[in-house]
Structure formats: C-alpha cells, structure tokens
Amino acid sequence: MLVISQLDSLYDEALEYGMKLIKHGVELTIRSQVNGTQGTLNRKNWGYEDTLKLTYKYLKANLM
C-alpha cells in the first residue's frame, strides 16, 4: 500500500512512482490522504488519525 498525502510537495512524484510500479506488475493499492502532509504519521498533523486507521485496516486485512 502506498499512502500519498495531497499536501506533500512530492505528491505528484509519489503518484507517478506508484503508477509505474503497477504498470510493471507490482500489486499495489494507492491511497491519497486528502489533508495529509509529508510525515503525517511521524508528526501527528492533519490527516494523522485517518492515515493511521487506513494503515491498521490494510495491515489487518493483509497480514492476518
């Protein structure tokens, strides 16, 4: 799973990278965090709780 924060200055590059991975056969889910900024999970800023919930949900579904 690739979580991209829309307010991150590298958003476009991250999205392009994710799309290239998919194009080359990598099974990948891309999620865009609407109010997140770079380092959302590290700094507990905008979008922190939503991103954390999404991450837990993904891990639980794919690792259990």
Side-chain angles (χ1 to χ4, degrees):
M1 179 173 68
L2 176 62
V3 178
I4 307 170
S5 299
Q6 287 185 341
L7 300 177
D8 187 335
S9 60
L10 297 174
Y11 176 84
D12 292 334
E13 290 84 352
L15 181 59
E16 182 179 344
Y17 175 69
M19 297 306 290
K20 283 182 181 180
L21 289 173
I22 291 170
K23 180 180 177 183
H24 287 90
V26 175
E27 187 175 321
L28 180 67
T29 300
I30 300 174
R31 296 284 187 238
S32 182
Q33 183 61 39
V34 176
N35 290 323
T37 59
Q38 185 178 26
T40 294
L41 291 177
N42 295 339
R43 291 185 261 167
K44 295 186 179 181
N45 54 12
W46 290 355
Y48 167 78
E49 289 186 19
D50 290 340
T51 303
L52 194 60
K53 287 177 188 175
L54 176 65
T55 303
Y56 285 152
K57 182 179 177 181
Y58 179 84
L59 290 173
K60 185 176 180 180
N62 290 282
L63 297 179
M64 299 286 222

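Applying the salt bridge (charged side-chain N to carboxylate O under 4.0 Å, His left out) rule to pairs touching residues 21-34 yields nothing, sequence neighbours excluded.
Evaluation of the salt bridge (Lys or Arg N to Asp or Glu O under 4.0 Å) rule for K20 yields E16 as partners, not counting sequence neighbours. T29 meets the side chain to side chain donor-acceptor pair (under 3.5 Å) test with no other residue; sequence neighbours excluded. Every residue two or more places apart in sequence or in another chain that forms a side chain to side chain contact (heavy atoms under 4.5 Å, CB included) with L21 is listed here: Y17, V26, L28.
Taking each heavy atom of Y11 and S5 in turn, the nearest pair found is CD1-O, 3.4 Å. Scanning both residues, I4 and I30, for their nearest heavy atoms gives CD1-CG2, 3.7 Å.
Distance check: K57 NZ to N62 CG gives 11.5 Å after rounding to the nearest 0.5 Å.
Counting heavy atoms of neighbouring residues, nucleotides and ligands inside a 6.0 Å radius, atom CE of M1 exceeds 12 of them.
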